[in-house]
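Notes follow once the structure below has been shown.
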Amino acid sequence: MSASNIVKTSRVLPAGGGLNGNVCVPGDKSISHRALLFGAISEGLTTVEGLLPAEDPLSTASCLRLMGVKISPIINNQVVQIEGVGLDGLQEPKEILNCGNSGTTMRLMLGLLVGKKDRHFVLTGDESLSNRPMKRVGQPLKLMGAQIWGRSKGDLAPLSVCGQTLHGAVIGTPVASAQVKSAILLAALTAEGSTTVIEPAHSRDHSERMLKAFGANLQIGGEMGRHISVIPNAKLKGQTVVVPGDISSAAFWLIAATIIPNSQITIENVGLNPTRTGILEIMKEMGANYEVFNKRNIAGEPVGDIKVSHVDKLKPFQISSEIIPRLVDEVPILSVAACFCEGDSHITGASELRVKETDRLKVMARQLNAMGAKVEEQEDGLIIHGGHQLHGSNIDSESDHRVAMSLAIASLMAKGDSNLAQSEAAAVSYPDFWDHLEKLRY
Ligand code: S3P
């Protein structure tokens with residue numbers, strides 16, 4: 001079911017109370033998408049443990065099934081099996097590929113499909129996704145010979161792709177985006193000649209890690225691994241993938257336990273890939289009290305458990321462009337944290353937030369201010385004046401999963417109960433969020 005089919009539900013969020021206990025957050029969303037996509041174009045069987053059973057990966061799976069890939073049902077705590085069709089085995093779908101609310105599905109799917117010669121594909125999404133920029137992927141893919149059409153000169157879905165024989169290229173991406181990088185890498189797998197992607201800053205590297213494990217011929221060089229080259233036509237072989245918990249979902253509990261008095265939470269099995277752990281660096285700057293233990297490596301990704309407890313006086317923090325790629329999805333919950341720091345926190349270099357599921361700078365400023373916070377919206381960030389008491393309010397996720405969960409944590413610290421409209425949005429990445437909140441509350 002896509003986000004647009006879901007009944008809109010408002011939810012009462014009672015203020016007060018601490019959070020205590022252990023929680024296992026669901027599988028990493030980025031890694032789940034990649035396991036499905038790479039498994040689909042491999043030869044043989046891929047099995048995935050811990051795949052995130054949320055709306056976004058379900059969108060990726062349903063698109064792949066329409067192109068002839070057999071994927072077993074995606075159900076909590078069940079291993080998912082993908083029967084790979086090989087690098088060129090995807091069939092032309094009879095139906096439109098619906099990417100739902102998922103930018104990762106649409107962008108990676110574009111990269112996957114542009115090189116499928118003599119096949120035609122149409123991709124669409126929900127209202128939010130249909131207004132998100134796709135040219136950032138389409139433009140570099142066109143340098144490789146791709147043919148993509150869509151509204152607004154090919155920038156907006158619905159998009160139409162006519163598969164071509166692609167040629168390799170050297171491509172500098174204008175934004176540090178793992179979605180753009182991954183789309184190019186996927187296209188490069190079957191291009192004629194090698195391709196190099198050069199990023200302005202190092203974005204999450206799950207694609208590189210996993211493609212190598214599946215057998216792709218990838219070379220990583222340049223400062224901080226920002227130059228990634230693909231030598232095409234290496235056959236991919238089905239693998240066993242174990243998906244760690246998503247640090248972007250753990251982020252809600254990391255901040256909740258930090259700001260809510262008398263709280264202590266241990267989050268088990270969290271992915272700690274260094275391209276994703278910017279939130280931990282900012283928590284250090286705030287003076288948060290957390291400990292990472294039980295560190296281990298699982299299926300090519302670093303993983304650990306994190307124990308975090310409340311701290312009385314938190315310092316304000318600065319987030320600038322350098323760290324944004326390492327915490328891009330955590331800015332909403334970090335803006336909640338800033339409301340409880342003593343002084344002004346500054347977030348800059350964050351204009352990417354404006355093209356996420358919602359304009360997250362605008363929406364977080366609007367919703368937190370409705371609760372009595374003092375948040376100033378800037379062109380590329382936010383200034384958050386900490387230390388103002390929040391009050392229970394009528395708030396709205398505006399259909400954005402991360403906004404829904406961030407506001408839920410803010411409401412626990414308010415004076416008086418809140419009412420959250422469109423709370424169902426959380427299911428896009430964390431279907432059990434509301435149950436976990438109840439379980440941790442005391
Ligand atoms: C993702 C990359 C990020 C992130 C998104 C998931 C991915 O987007 O915000 O939630 O899986 O590659 P960008 O790559 O556009 O920054």
Side-chain angles (χ1 to χ4, degrees), residues 3 26-38 51-52 54-57 59-60 99-112 125 128-129 131-140 155 173-186 197 199-211 226 228 241 243-244 246-252 271 273 275-279 301 319 321-334 349-361 364 380 400-406 425-426 428-430:
D28 188 279
K29 184 156 79 68
S30 294
I31 298 177
S32 297
H33 284 297
R34 286 156 175 81
L36 289 164
L37 290 162
F38 303 168
L51 196 138
L52 170 67
E55 286 164 23
D56 271 11
S59 294
T60 292
C99 305
N101 188 243
S102 174
T104 310
T105 305
M106 188 169 277
R107 295 198 177 114
L108 271 60
M109 206 57 82
L110 284 172
L112 183 73
S128 151
L129 186 57
N131 285 305
R132 293 181 66 188
M134 293 298 143
K135 229 185 197 158
R136 52 178 53 206
V137 177
Q139 216 151 11
D155 198 26
T173 58
V175 277
S177 158
Q179 294 180 351
V180 175
K181 172 177 65 181
S182 305
I184 300 169
L185 295 179
L186 277 165
V197 193
E199 294 194 276
H202 196 32
S203 65
R204 65 191 65 187
D205 66 357
H206 305 300
S207 292
E208 294 91 305
R209 287 172 188 252
M210 208 190 286
L211 277 173
R226 291 189 298 111
I228 303 122
V241 181
V243 183
D246 198 328
I247 189 164
S248 298
S249 298
F252 302 105
N273 180 311
T275 59
R276 300 283 301 279
T277 49
I279 186 169
E301 291 277 349
I319 292 179
S321 56
E322 183 277 325
I323 199 172
I324 290 286
R326 297 202 294 286
L327 49 66
V328 63
D329 293 335
E330 287 66 79
V331 172
I333 188 64
L334 282 166
S351 43
E352 271 298 293
L353 272 285
R354 296 206 181 273
V355 290
K356 293 294 177 189
E357 285 80 334
T358 58
D359 176 342
R360 286 181 174 160
L361 298 179
M364 285 310 295
D380 72 339
D400 186 321
H401 55 128
R402 301 205 197 278
V403 172
M405 295 182 273
S406 299
V428 160
S429 60
Y430 196 163

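Indexing begins at 1, ligand by ligand and atom by atom, following the structure's order.
Heavy-atom proximity to S30, at under 4.0 Å, picks out these atoms of ligand 1: 1 (C), 6 (C), 7 (C), 11 (O). Remark: ligand 1 atoms within the under-4.0 Å shell around heavy atoms of D329 are 4 (C), 5 (C), 9 (O), 10 (O). Counting atoms of ligand 1 from 1 in the listed order, those under 4.0 Å from a heavy atom of A178 are 12 (O), 14 (O). Every atom of ligand 1 with a heavy atom of V328 under 4.0 Å away is listed here by number and element: 9 (O).
Annotation: E352 places no N or O atom under 3.5 Å from an N or O atom of ligand 1; distance criterion only.
Contact annotation: H206 has no heavy atom less than 4.0 Å from any atom of ligand 1. Heavy atoms of K356 approach ligand 1 to within less than 4.0 angstrom. Distances from ligand 1 to the non-hydrogen atoms of R204 include at least one value under 4.0 Å.
In this structure, atom 15 (O) of ligand 1 lies nearest to the protein heavy atom S177 OG, 3.0 Å.
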| query | Could you go step by step and tell me if E301 and R276 meet the salt bridge (charged side-chain N to carboxylate O under 4.0 Å, His left out) rule? | reply | CA-CA 11 Å; E301 291 277 349; R276 300 283 301 279; over 6 Å; no
Evaluate M109 against L37 for side-chain contact (heavy atoms from CB on, under 4.5 Å), listing each step before the verdict. CA-CA 8 Å; M109 206 57 82; L37 290 162; 4.0 Å; yes
| task | Give the intermediate values and the outcome of salt bridge (charged side-chain N to carboxylate O under 4.0 Å, His left out) for residues D329 and R402. | result | CA-CA 8 Å; D329 293 335; R402 301 205 197 278; 3.7 Å; yes
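The minimum heavy-atom distance linking D56 with H33 is given by the pair O-CE1, 3.4 Å.
In this model, no donor atom of one side chain and acceptor atom of the other lie less than 3.5 Å apart for S177 and S203. In summary, the side chains of S429 and H401 do present a donor paired with an acceptor at a separation below 3.5 Å, with no hydrogens or angles considered.
In this structure, the side chain of D28 engages the main chain of I31 through a donor-acceptor pair within 3.5 Å.
Between atom 12 (O) of ligand 1 and the options R34, R107, K181, the minimum heavy-atom separation is to R34.
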